[in-house]
There are 2 protein chains.
Amino acid sequence: MSVLATTLSRKQRELINREELILDTAQTMLNEHGYNYVTMDRIAEAVEYSKGTIYNHFASKEDLVCSLCCRFIKNLIDVFEKAYNYDGSTRERYSAIGIGYSLYHQLHPLDLQNIQTLKNNAVREKVSDEKLCEMETLEQKITKISLNIVQDAIDCGDLDKKHQENISTIVFGCWSMHYGALLLDQSDIPLHALGFSPVVNMLWKNSNTYLDGYQWQPLSDSTDSKLLFEQISSALFGNEINTLKRTA
Amino acid sequence: MSVLATTLSRKQRELINREELILDTAQTMLNEHGYNYVTMDRIAEAVEYSKGTIYNHFASKEDLVCSLCCRFIKNLIDVFEKAYNYDGSTRERYSAIGIGYSLYHQLHPLDLQNIQTLKNNAVREKVSDEKLCEMETLEQKITKISLNIVQDAIDCGDLDKKHQENISTIVFGCWSMHYGALLLDQSDIPLHALGFSPVVNMLWKNSNTYLDGYQWQPLSDSTDSKLLFEQISSALFGNEINTLKRTA
DNA sequence: ACATTTTTTGACGCTTCGTCATATTATATG
DNA sequence: CATATAATATGACGAAGCGTCAAAAAATGT
């Protein structure tokens with residue numbers, strides 16, 4: 001029995017490792033050569049397994065891309081959890097979520113694009129239900145973190161009790177604002193030519209204005225916004241932030 | 001000379017008509033059967049011209065889809081211009097832009113999806129520079145309308161002069177909020193299951209909160225928001241609004 | 001050592017895009 | 001009107017990618 005168990009688990013480990021290898025390879029390919037370059041044949045060649053074997057792991061190319069997206073969301077969840085545990089007021093913690101979201105996508109600009117590719121119905125309809133379900137679960141988890149902070153804010157009085165019924169609206173407001181802004185940022189619309197400042201700055205200003213609109217204490221004009229941004233950034237990303245600065 | 005001129009213009013008219021025919025056909029196909037069903041062969045068969053002829057009009061499938069997107073944006077420009085000329089305060093006129101944007105996409109949910117498809121690099125890189133340029137021009141035009149209203153607000157004192165330097169940030173804030181919200185709405189994320197109310201309602205509330213944050217007069221708590229929404233809706237869309245209500 | 005089950009393989013069929021030599025139609029000229 | 005020339009339309013074809021499946025190889029069991 002123990003022999004059976006170990007062989008089984010060794011096989012399973014091998015399967016998992018190979019799956020990781022395939023995903024790593026696909027992601028590298030994606031980052032270096034773009035979506036169109038990534039084909040099942042090329043992945044197969046790169047990992048030195050046949051195409052059939054790849055298809056034993058993933059039902060379709062779209063299924064594989066969906067798995068990559070799940071990884072991205074897991075990374076984001078880590079960032080959100082750091083933000084949740086940030087040592088500060090509820091407003092600071094909630095701001096940390098937004099900043100984490102912005103900066104994550106600044107550091108990994110392609111991830112959001114891939115997620116958005118997957119939102120497209122034409123692509124989505126080719127993903128297996130199983131994978132879609134996995135992704136949905138992750139999305140629920142990440143939403144919960146945001147909702148919890150808003151609830152905390154109401155419980156401790158930073159946000160007026162009358163907003164209890166608006167919790168989800170507030171989360172949705174910030175979410176949509178960030179999501180939209182970051183997508184616009186990478187869509188080759190020449191924002192700069194249209195007179196727009198760098199997106200991360202605008203986002204920071206806009207979400208402060210938005211939260212001020214809800215009177216979420218402490219208001220932004222009683223705070224050194226710039227300093228706060230710096231503090232939260234380095235708390236969330238530590239070293240990576242230097243990389244970002246060097247790039248910009 | 002006059003003979004030459006008329007034959008040339010007749011030919012040109014024929015070309016333009018055929019181009020419209022192709023676009024109409026593609027759009028119908030898209031709405032009825034989805035992106036994957038739309039192929040160049042099927043379009044050719046439906047319009048009763050050969051594939052080669054289709055390629056005389058459009059450099060690629062993506063080029064054709066880009067032309068469809070340009071049409072969508074033109075429609076949106078019409079809506080925005082109606083909003084610009086809405087008879088009311090600057091805040092009402094600016095709100096009208098947001099409402100117009102929301103409702104247009106409520107009436108034509110697929111249009112935004114197609115535009116977003118095109119923002120994807122993998123697709124975008126196959127569109128001819130010429131078409132991309134055409135779309136960019138339209139996007140600039142639509143942005144200008146929004147910017148102008150904010151400028152009007154500052155000029156007439158509804159918005160404090162200190163925000164002169166933030167005009168583009170304000171426009172970007174509303175734009176990203178709406179863009180993100182509407183995309184999230186159609187991305188099959190089960191927003192309702194997550195406890196979110198219908199997106200158009202949330203958007204209306206959120207953009208009011210956002211504009212209140214900038215102290216754009218008159219503030220929303222001195223207004224009957226619900227009534228205002230109704231008024232603007234029917235001013236912009238008239239009859240179409242009934243269709244919408246019947247659907248919902 | 002052999003039988004049975006599991007896994008891997010890559011050639012193959014299918015679909016779609018975009019091209020281009022050929023056929024067709026339109027225009028110009030004698 | 002006939003013929004030459006230019007413009008346009010056609011659809012067979014090549015290329016590329018996805019996903020399948022019968023056959024081969026490897027692993028497991030006896």
Side-chain angles (χ1 to χ4, degrees), chain A residues 1-19 21-22 26 29-30 33-67 117-118 122-128 131, chain B residues 1-19 21-22 25-26 29-30 33-67 117-118 122-128 130-131:
Chain A
M1 182 63 190
S2 87
V3 174
L4 184 67
T6 48
T7 41
L8 267 180
S9 87
R10 197 207 68 209
K11 285 203 116 186
Q12 282 176 333
R13 260 183 291 126
E14 278 174 9
L15 277 188
I16 290 170
N17 284 338
R18 193 164 60 196
E19 196 149 312
L21 173 66
I22 297 171
M29 232 180 237
L30 202 55
H33 299 98
Y35 188 83
N36 288 328
Y37 183 85
V38 179
T39 68
M40 295 307 254
D41 286 277
R42 263 194 271 261
I43 293 173
E45 200 195 331
V47 298
E48 294 184 296
Y49 284 97
S50 75
K51 201 157 46 145
T53 300
I54 311 285
Y55 276 93
N56 281 346
H57 288 271
F58 304 97
S60 66
K61 181 184 174 180
E62 286 75 16
D63 219 57
L64 198 158
V65 173
C66 188
S67 300
T117 302
L118 218 64
V123 176
R124 201 179 180 83
E125 69 188 19
K126 294 180 184 168
V127 181
S128 67
K131 271 277 144 53
Chain B
M1 182 63 192
S2 87
V3 175
L4 184 68
T6 47
T7 41
L8 268 180
S9 87
R10 199 206 67 208
K11 284 205 116 185
Q12 282 176 333
R13 261 182 292 125
E14 277 174 10
L15 277 188
I16 290 170
N17 284 339
R18 193 164 60 196
E19 196 149 313
L21 173 66
I22 296 171
T25 306
M29 230 180 239
L30 201 56
H33 299 98
Y35 189 83
N36 288 328
Y37 183 84
V38 179
T39 68
M40 296 306 254
D41 285 278
R42 263 194 270 262
I43 292 173
E45 201 196 331
V47 298
E48 293 184 297
Y49 284 98
S50 75
K51 202 158 46 145
T53 300
I54 310 287
Y55 276 94
N56 280 344
H57 288 271
F58 304 98
S60 67
K61 180 183 174 180
E62 287 75 17
D63 219 58
L64 197 158
V65 173
C66 188
S67 299
T117 302
L118 219 64
V123 177
R124 201 179 181 84
E125 69 188 17
K126 294 180 185 168
V127 181
S128 68
E130 201 192 349
K131 272 277 144 53

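Labels below follow one simple rule: chain letters A, B, ... track the order of the sequence lines, proteins then strands, and each chain is numbered from 1.
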If only atom types and distance count, is the side chain of [X] paired as donor or acceptor with the main-chain N or O of [Y] below 3.5 Å?
X	Y	value
T25(B)	V47(B)	no
K131(A)	F58(A)	no
S60(A)	K126(A)	yes

#### Entry: Any R18(A) side-chain N or O less than 4.0 Å from OP1/OP2 of dT8(C)
yes

Checklist entry - For the residue pair M40(A) and I54(A), what are the closest heavy atoms and their distance? => result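 It is CE-CG2, 3.9 Å.
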
For the residue pair [X] and [Y], establish whether any side-chain heavy-atom pair is separated by less than 4.5 Å.
X	Y	value
E62(B)	T117(B)	no
V123(B)	V65(B)	no
D41(A)	K51(A)	yes
K61(A)	I43(A)	no

Q) Just how far, in rounded Å, is P of dT8(C) from CG of L21(A)? A)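 These atoms are roughly 13 Å apart.
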
The contact string for nucleotides 9-18 of chain C, one letter per nucleotide 5' to 3', using protein heavy atoms under 4.0 Å with B, S and - for base, sugar-phosphate only and none, comes out as BB-----SBB

As a check of understanding: the bend across the helix from dA1(C)-dT30(D) to dG30(C)-dC1(D), end axes from five pairs, rounded to 10 degrees, works out to 10°

